[in-house]
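Remarks on the structure that follows.
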Amino acid sequence: MLAKPDSCTGCELHTLGQGWVYSTGPEDAELVVIAEAPGKQEAAWGVPLYPTGDSGGMFNRWLGLAGLSRDEILIHNVISCRPPNNELVKAPYAEEAIRHCRPNLERSLSRAKVVLTLGGTATREILQLPAADFSIKDWHGCVTRDPTDRFWVVPNFHPAHLVRGAHALMGVAVRDVSRAKLVRDYGWEADRPDIIVDPPVEWFRAWADEYIAAATRDPSIWMAVDTETEEKLETTDEGELKPGARTSNEIVRYNFSMHPDQGVSVPAVGPYLEIVAKILGFAGVKCFWYRKYDLDAIQRAGIIVRGTCLDFMWAWHVLQSDLPRGLGFVAPLFSNFGAWKHRSRTEPGPYAAIDGFQTLRCAAGIAAILHQEQRWETFYRHCHLADEYLFWPSCKVGLLVDRKKLEGEKGEDGEFHGGFKQLVDQKVDELWNTIQAQAPQEVRRLDPPGGLKTEPKTTERKNPDCEKNPGSPPLLPLEVMTTAAQVKTCTTCGASERITLKHVCKGENGKPDRSLVPVVVTKTMEVRRWFIRRQFNPNSSDQMLDAVLAFGHKPGKSKRAESKTGYTVDKLTLERLRKHAQPPETRSFYAAVLEYREVKRIKSGYVDSTLRRLDESEVKDGRLHPEVTHRPSTLRTSYINPNLQNIAARSALSEGFREVLVAEEGDREEGAGASEQPCVEAPVG
Amino acid sequence: MAKFIAADYSGIEAVLTGWFMRDAAYIRLARLGVHAYLTSHLVGDPASLQWSDSDLIGFFAEMKEGHPDTYDKAKRAVHGYNYGLTVHGLCERFPDLYPTKAAAQHVVAVYTTICPKLPAFQKSVIDYAAANHFWGGPGLHPYNLKHYFYNIVNYKPLTEAAAQWHRREGYKVIRIDGRPFARVYGDDSKRALAFPAQSTACGVIKEAGLRLYAPPEISGFGENYIGDWWYGDTPLRALVHDEFLSEVRDRDQDRAIERIVREMRRPVLALPLDPSWWPGEERYLSIGVEVNVGQCWAKKKMEKIDISGIAVPGSPWAETRETDDDEREFLREIREELALVETDEEGLEIAPEMRTALVG
């Protein structure tokens, strides 16, 4: 391990950080790679991205696949020593350490033509970006000029991210390295498409007419359509909206693009709306990114959409089913424009217009590859047509819920009786009490965590778990414990504990005496603290692990690299302990925990949420209207709100929930169930 | 009055595995009862593939009833092995059935002996995926689907002592920069094994759905269209796993069952049966169906419908084994484990308190 140079004096990591790592590679290299911080191997050998370390090995694979070698690049880190526990992001010393190491970094950057940054920390540091709203997914592969206009920056994922399990990003990471090589070899010209925000109404009208005339002549012209709601602008982009997310508020902007070098965004107000309706009402092919979200919002706004509406988020999913679906992630693979998702709050207009042409560029690229690989037909039939003719209509009709069976009947006491819900609630209470009776005392969490410093006037305190678990006692007894704690003590007057900056010593008469000079020191002392022991939480894996160890049983070995303890108390482990734990009396504890988890899953995931959905549903038809996604990577469908495929068939309670989903009794008049006109008319071709 | 019709493809993924292996015997067994066939070998009373379908079905029913424990063991081994579960994995997951590795090894060995093409097929999938980082596309996948895999093979660092043990046990040890590594299969290897059958099953199911519920001008098929049978709306309520759940009026029930069965059992044009390996009359693969009808969706309250009288052109066989709930549940769990079906995170709603607990 190398010793730190004198320049490290004064840095917070001077004593905390391990080793020292110089940059490696030719000083005059035009391609400079900046990683985050040295790891264990790097600190031990003094080499950044040590070739046979985990991250270094992965990085070497990238280089090999991109046709590069370590001899032609200079590698350096944002900080040059290994931070404690490999933790830099959000660590209290991070900002200071990065600032202190900046001169070392500057030396490596002095001759760079292109800088490949690995991970969020390096990217933010080189591009001087704020941590808020930053996601490396929106920046990877986006060739960006550095703020001082000296070199190009190509952000990429950190190899450690892939080592930890994001293997699916391998192809993307290699592509981003190749892009850095391309920029080094051939330079880069910034992409400058037309970004038209809030154009004059007459201009927009002429633009819409031009589109309609062009699409009438040539029906293969595609129009990218996107909407912005407050929710989208504030939180995430399309692919990261939860499937099933409902537009909670009104559309604020409509974005269009009929040419990959032009994006138009107009506000959803006044005269623009009439033109928007004209564009959407024209029966041309329209491209969306998460069509369901946009169409729901447009339908709410009362605008009819005609023509084929293709959802390229799912087309992308057919193409690369394991990769993220956000437009911010996908766009750099098909467009040279660069990152823009970070502008959603600061520049909502341009951001929205960019969304438009990025959607069109991605749509064109994805469609071309799907056609080339003969997968377009599968996407069209199994996603597009299946959505329009199988899933959306079936979800719209929904599954009828026998509310009486679910909720029971209201008795004279005003409470419901005899329903499936009562059965489940009762079971939850029984199991909760069984678990509490058997869980070891010592694993229960103390509350408040630091204890009460002064003796409470009561002997009991409110049970924080009683609201979530109605079977729990409302009050729990307070216990006093003697424990060692760091306590502030005034050596002048002997006062301890509640000592503030304004402490004034008391004189012999017990009154404040300002002539005495307080000397406050922190001492480790034995003090008394008052706690309650919270109830055992069977859903907490930490508490469950403590319980297993307290019983003297062996937990399972965790296969996850990031596991802190190396142990797991997963279902398999608990099943094993349920059958084989010694002494046999402890087996009932594990059996109760397993059953509790299952019953609680049915209660929260199906029983309570079904009643809530029925109450909150806009259509008061007593039916559940689940939603469908194609998210599994095999393109199987999965239902959410509620998750229909996960109602297990084996357990009696799951069967009980299936019993409340019933076929309709009685007959309706013919045509009584016919839907109103759909928002989207029949697709063409 | 209306009823639910739950029409479920039986053993679709096992049949498709047989198709991918080009193994007529395996397809026949997947339809009639591969678990019972393995059971018969495990108990020393092996069934013969020379017997007729009806003889085999009768014999398999006896096996299932007469040797429930061995049948259970065989069932786990068949599904587990097909989805890449190792001997160690079987012992870990089913310690009651397989208390020792030797016990699991024996069952797996018998299974691979009676289904000799299976190990070779699995190896071919893994090798292809490892070499190309994907599996599928035109020529390999009936619907041209493709899935990328980057973690088929891993290099696990070893200590020198562990390297010696590996060598002694006959495992290969590779040295990179002087350090010993073992070549092990990564997480993606199981997913690669599951992908061909699962994704094809998904295609078969969606095509059948389009023929049944999408208007003829859209699906290109119209003879069995029932897409407006619910008072002008679709009778489809859900497509869960391999099951179509439809809600139909009582008076339409029989006709609906007939149409659903015809479309679900219709020979799949994407799955041709080549005479070079398929001895039967069928020219395209068709998959068996079970139909249950009831007032609610609870399986135990539904009545199984005899569909043997429904003739399907190009699909001459009629009888299939039944898929029990236990088997369905096991398949669901294993799909979840392979992350090919998403459950938690954004799928299943987890109560806020549970979410906190799971995180913390």
Side-chain angles (χ1 to χ4, degrees), chain A residues 52 167-168 170-171 242-243 320-322 373-375 378 381-382 385-386 389-390 393-394 397 399 468 537 539-540 542 572 576 579 600 604-605 609 631-640 642-646 648-650 655 658-659 661-666 668 670-675, chain B residues 1-4 92-93 95-96 137-138 143-148 150-151 176-177 179 188 195 198-199 202-203 206 209-210 213-214 218 230-234 236-241 247 295-301 325-326 328-329 340-343 346-349 351 353-354 357-358 360:
Chain A
T52 54
H167 307 289
M170 185 77 178
K242 263 187 164 184
Q320 289 279 356
S321 55
D322 262 359
E373 297 196 347
Q374 299 171 40
R375 286 195 269 166
T378 306
R381 288 184 72 80
H382 296 180
L385 293 183
Y389 295 100
L390 298 185
S394 67
V397 178
L399 278 157
K468 289 177 199 162
N537 179 0
N539 288 317
S540 158
D542 285 351
L572 223 58
R576 170 173 59 80
K579 288 174 188 162
K600 191 83 180 171
S604 55
S609 60
R631 295 176 67 209
S633 59
T634 48
L635 286 186
R636 271 184 179 266
T637 45
S638 59
Y639 283 83
I640 50 167
N643 178 330
L644 292 181
Q645 65 278 345
N646 212 28
R650 195 163 43 173
E655 276 288 278
R658 282 167 177 263
E659 269 188 51
L661 301 175
V662 293
E664 194 169 283
E665 286 187 13
R668 299 186 199 174
E670 279 300 325
S675 308
Chain B
M1 289 286 284
K3 289 245 170 36
F4 278 142
E92 198 180 36
R93 187 180 272 270
D96 292 349
Y143 296 104
N144 297 345
L145 286 174
K146 199 189 237 185
H147 196 301
Y148 290 83
Y150 291 102
N151 190 26
I176 303 170
D177 280 2
R179 285 175 64 192
D188 275 353
F195 178 71
Q198 288 208 350
S199 56
C202 156
K206 283 183 180 169
L210 286 172
Y213 303 102
I218 298 296
W230 181 254
Y231 303 101
D233 272 338
T234 181
L236 180 68
R237 293 294 168 266
L239 202 175
V240 176
H241 298 308
E247 184 180 8
Q295 187 62 43
C296 65
W297 198 18
K299 292 285 173 211
K300 290 191 176 79
K301 299 230 165 163
D325 285 348
D326 196 29
R328 279 197 193 94
E329 175 64 7
L340 292 166
V341 169
E342 296 181 13
T343 52
E346 289 133 332
L348 173 67
E349 288 186 343
E353 67 272 25
M354 284 180 78
L358 289 170

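Each chain gets a letter, A, B and so on, in the order its sequence line appears, and its residues count up from 1. Since this is a predicted model, take the numbers as computed values, not measurements.
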As an exercise, state the distance from [atom1] of [X] to [atom2] of [Y], rounded to the nearest 0.5 Å.
X	Y	atom1	atom2	result
A:Thr378	B:Lys206	OG1	NZ	10.0 Å
A:His167	B:Asp188	NE2	CG	6.5 Å
B:Arg237	A:Leu644	CZ	CG	12.5 Å

Tell me whether [X] contacts the main-chain N or O of [Y] through its side chain, where contact means a donor paired with an acceptor under 3.5 Å.
X	Y	value
A:Arg636	B:His241	yes
A:Glu373	B:Gly137	no
B:Gln295	A:Ala663	yes

As an exercise: rank B:Leu145, B:Thr234, B:Leu210 by heavy-atom pairs under 4.5 Å with chain A and give me the winner.
B:Leu210
If you define the side chain from C-beta out and look only at heavy atoms, does anything of [X] sit under 4.5 Å from [Y]?
X	Y	result
B:Val240	A:Tyr639	yes
B:Phe4	A:Leu399	yes
B:His147	A:Ser321	yes

Hey, is NZ on A:Lys579 packed in by over 12 heavy atoms from elsewhere, all under 6.0 Å?
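Yes.
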Which answer fits A:Arg381, side chain, backbone, both or neither, if we ask what part of it has an atom under 4.5 Å from a heavy atom of chain B?
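Both parts, backbone and side chain.
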Taken in chain and number order and not counting sequence neighbours, the residues that satisfy side-chain hydrogen bond (donor to acceptor under 3.5 Å, both in side chains) with B:Asn144 are none
Hits for side-chain hydrogen bond (donor to acceptor under 3.5 Å, both in side chains) against B:Tyr143, two or more places apart or cross-chain, chain-then-number order -> none
